[in-house]
Amino acid sequence: MEKNLGGMCKAIRKDILHISKASGHGHIPTCFSIVEILVALYSTVRHDPKKPKWEERDLVVLSKGHGALALYAVMARFGYFDIKDVEKFGSFKTIFGCHANRLKVPGVEVSTGSLGHGIGVAVGMALALKIKKSARQVYVVIGDGESNEGTVWEAVLAAESQKLDNLTIIYDDNRSHPRGLQITNPSEKFAAFGCSVSRVPGHDLNELSKAICSPNHGKPRVVVADTIKGCGSKTMMSDVYAWHRRSPSDAEYPILLKEIDEMAV
Amino acid sequence: MRKQFRDTAMDLSLRDDRTVMLFGDVSVYLFKEFQDKYPDRFYNLGICENTMISAGAGMSSQGLIPFIHTITPFLTERSFEQIKLDMSYNRLSGNILTCGATFDYAWDGATHQCYTDLAILSMLPNLEVIQPGSRKELDVLLRSQYANDKCTYYRLSDKPHAIDLPAEFGKAVVLKDVGAKMTIMTAGPILANVLPAVQDLDVNLVYFHTIKPIDRNAIIKFKETKILVVHDAFGLFEAISRVGGLSAEYYGLPEDKFCDTYGTLEQIRQDVGLDVKGIREKARGFLNCK
C-alpha cells in the first residue's frame with residue numbers, strides 16, 4: 001500500500017479513467033467524488049485485504065452502487081485484487097460488474113445498484129453487531145441524489161431509534177441534486193433525525209479520517225462530505241451532466257490524465 | 001395462526017440464540033412474553049417495511065436469523081424490490097411471515113388485501129414460498145425451514161383450517177385418489193371450503209402447503225386428468241402450470257378486478273364464489289364439461 005495517500009488518490013483516478021476508457025463503462029464523475037472518502041475509509045477501518053472474510057473486520061457498504069468502479073480501484077490499491085483484473089469491468093463473465101456483487105468480488109459486503117438499499121442493509125448489520133455485543137463498526141457511503149429515496153430516511157430513522165452508534169453514514173454531497181429533488185442543509189436534516197453530524201471538505205483525507213472516528217455520543221454518526229462531482233478533472237467538473245455516464249475518447253484521454261496530474265486535490 | 005407463530009418462535013428461540021424478531025408495529029402485544037424473555041431479540045421497527053427487509057438482510061449477513069413480520073401487502077408488494085435485491089440477489093436468508101392473506105382483512109377493503117404475494121415471490125431465486133393452511137402446518141414447516149440458507153416466505157392466515165394433514169416441506173398431500181378423470185388442486189386455508197364442497201364428488205383432491213418448490217411429482221401423477229385449481233390467490237395455478245402439458249383451469253379470484261366489497265372473509269368468499277356452495281357448483285359444472 002502506498003504511504004502517500006494523496007498520490008494514491010491521483011493514481012486511483014487514473015485507474016478509473018483507464019478502465020472506463022478500456023471498457024466503455026463507468027460513472028466517472030461520481031467515482032471521482034468518492035475517491036478520498038473510500039481511501040479515508042480503507043486506511044482507517046479494521047480490515048485485512050488478504051482475509052476479506054476476517055471475522056473481526058469492520059464493514060464498508062457502498063450504497064451508491066454506481067460508484068463501483070471507484071470502489072474496485074480503491075480496493076485494488078489496498079491489495080484486495082490486482083487492478084489489471086478490473087480492466088474487464090462490465091464485460092461478459094467478469095466478476096467486476098458496473099454494480100458490485102458481493103458473491104463475486106472479495107471484500108464487497110453488499111451487492112448494490114438500486115439506490116436506497118445499502119443503507120438499510122447497513123442498519124441491519126449494525127443492529128446485528130450490537131446484539132452480538134461486537135465492537136465492529138459499519139460504514140456506509142450514500143449519495144445526495146440517492147437520498148431522494150425515502151428508504152434512506154427510513155433507515156436513518158431506524159438507526160437513530162436503535163441508537164446505532166456503531167454506524168457511520170458518509171454522505172457524498174456532490175450536489176447532483178439539481179437534477180432531482182434538492183436536499184438543502186443535509187447536516188441539519190441528519191441532526192434533526194438525531195444523528196451526530198460533522199461536515200468536512202470531502203476531498204481532504206485528514207479531515208475525512210478524523211470525522212470518521214469523531215466522538216458520536218451514542219448516536220449514529222453522519223459525515224457530510226462536501227465533494228465535487230468529477231473532482232480531479234476540470235473538464236468533467238465543468239460539465240458533469242455530459243460526463244455522467246460516458247467514457248473518454250482517445251483524444252480526450254491524455255487531456256484528462258494531464259488534468260488529474262495538475263489538479264491540487 | 002399468529003399465536004402458533006408466537007409459540008413456535010418462542011420455542012425455537014429457546015434453543016437457538018441466533019433468532020431475532022423484526023416487527024412492523026403488528027402483533028407486538030401478542031409477542032409481549034417473547035419481548036420480556038428476549039428483550040435484545042425483539043425489535044418493533046415501526047411502519048417501515050422496506051427497511052425491515054433490508055435490515056433483516058443485514059442481520060442475516062452477520063449470522064443472525066431474522067423473522068420479519070407485518071401485514072401481507074405492505075411487506076410483499078411494497079417491499080418487493082427489497083426482498084428481490086437485499087435478500088434474493090444478495091443470497092441472504094431469513095424468514096418473512098405475513099398476516100392478512102387475501103381477504104382476511106375483508107372489512108378494510110382492497111388496500112389491506114393481497115392476492116399477488118405467492119405469485120411474485122415465487123419468481124425470485126433462492127426463495128421458498130409456503131402457504132400453511134393450519135397451525136400444525138405452520139409449526140412443522142417453520143421448524144424445518146427457519147434456519148436454512150434460503151429466504152422463506154410464510155403466508156399466515158387468521159382463518160386457518162383445522163384439518164389434520166401430514167406436513168412435510170415440498171410435499172403435497174393427496175387427500176383423495178379415486179382414479180377420477182378430474183382432479184381438484186388447492187392450497188392453504190381455503191381447503192376448509194374445498195374439502196366439503198367436493199368430498200362426495202367423483203374427483204381426486206390434491207392439497208399443497210408449499211408453493212415453491214411445488215411438488216411436481218404430485219402434479220405429474222394426475223397429469224392425464226383434467227385439473228381444476230381452486231385457490232384464493234395467484235401463484236398456485238402458475239406453479240402447477242409450469243409442469244407443462246396439463247389441461248388445467250383456474251377458479252378463484254375474479255379476473256382483472258379488485259375484490260373491493262367490504263364485509264367479512266366469509267361474505268367476500270361467497271361474493272366471489274369461493275364458499276362451499278360456489279366451489280361445489282364450479283366443480284360439478286367442470287365434471288359435466290366435455
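A note on names: the letters A, B, ... follow the listed sequences, proteins ahead of strands, and every chain is numbered from 1.
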Self-check item: From OG (B:Ser61) to CZ (A:Arg102), nearest 0.5 Å
Solution: 6.5 Å
Practice problem: Please check if atom CZ in B:Arg242 has more than 12 non-hydrogen atoms from other residues, nucleotides or ligands closer than 6.0 Å. | Solution: no
Practice problem: Check whether more than 12 heavy atoms from other residues, nucleotides or ligands sit under 6.0 Å from atom NZ of A:Lys189, and answer yes or no. | Solution: yes
Quiz prompt | Residue, of A:Glu109, A:Glu55, A:Gln162, A:Glu154, that accumulates the most heavy atom pairs under 4.5 Å with chain B | solution = A:Glu154
Quiz item: Please, which pairs that meet salt bridge (charged side-chain N to carboxylate O under 4.0 Å, His left out) have at least one residue in residues 85-99 of chain A, sequence neighbours excluded?
Solution: none
Quiz prompt | Contact listing (chain B partner; residues 122-141 of chain A; heavy atom under 4.5 Å) | solution = A:Gly124, A:Met125, A:Leu127, A:Ala128, A:Leu129, A:Ile131, A:Lys132, A:Lys133, A:Arg136
Quiz item: Is the shortest heavy-atom distance from the side chain of A:Asn101 to the side chain of B:Tyr89 under 4.5 Å?
Solution: yes
Quiz item: In this structure, are over 12 heavy atoms from other groups packed under 6.0 Å from B:Leu14 atom CG?
Solution: yes
Quiz item: Among B:Asn90, B:Asp86, B:Asn50, B:Thr51, which one satisfies side-chain hydrogen bond (donor to acceptor under 3.5 Å, both in side chains) with A:His117?
Solution: B:Asp86
Exercise. Let me know if A:Ile119 has heavy atoms under 4.5 Å from chain B in its side chain, its backbone, both or neither.
Key: neither
Quiz item: So with a 6.0 Å cut-off around CZ of B:Arg91, is the heavy-atom count from everything else above 12?
Solution: no
Quiz prompt | Heavy-atom neighbours of B:Glu77 CD exceed 12 at 6.0 Å | solution = yes
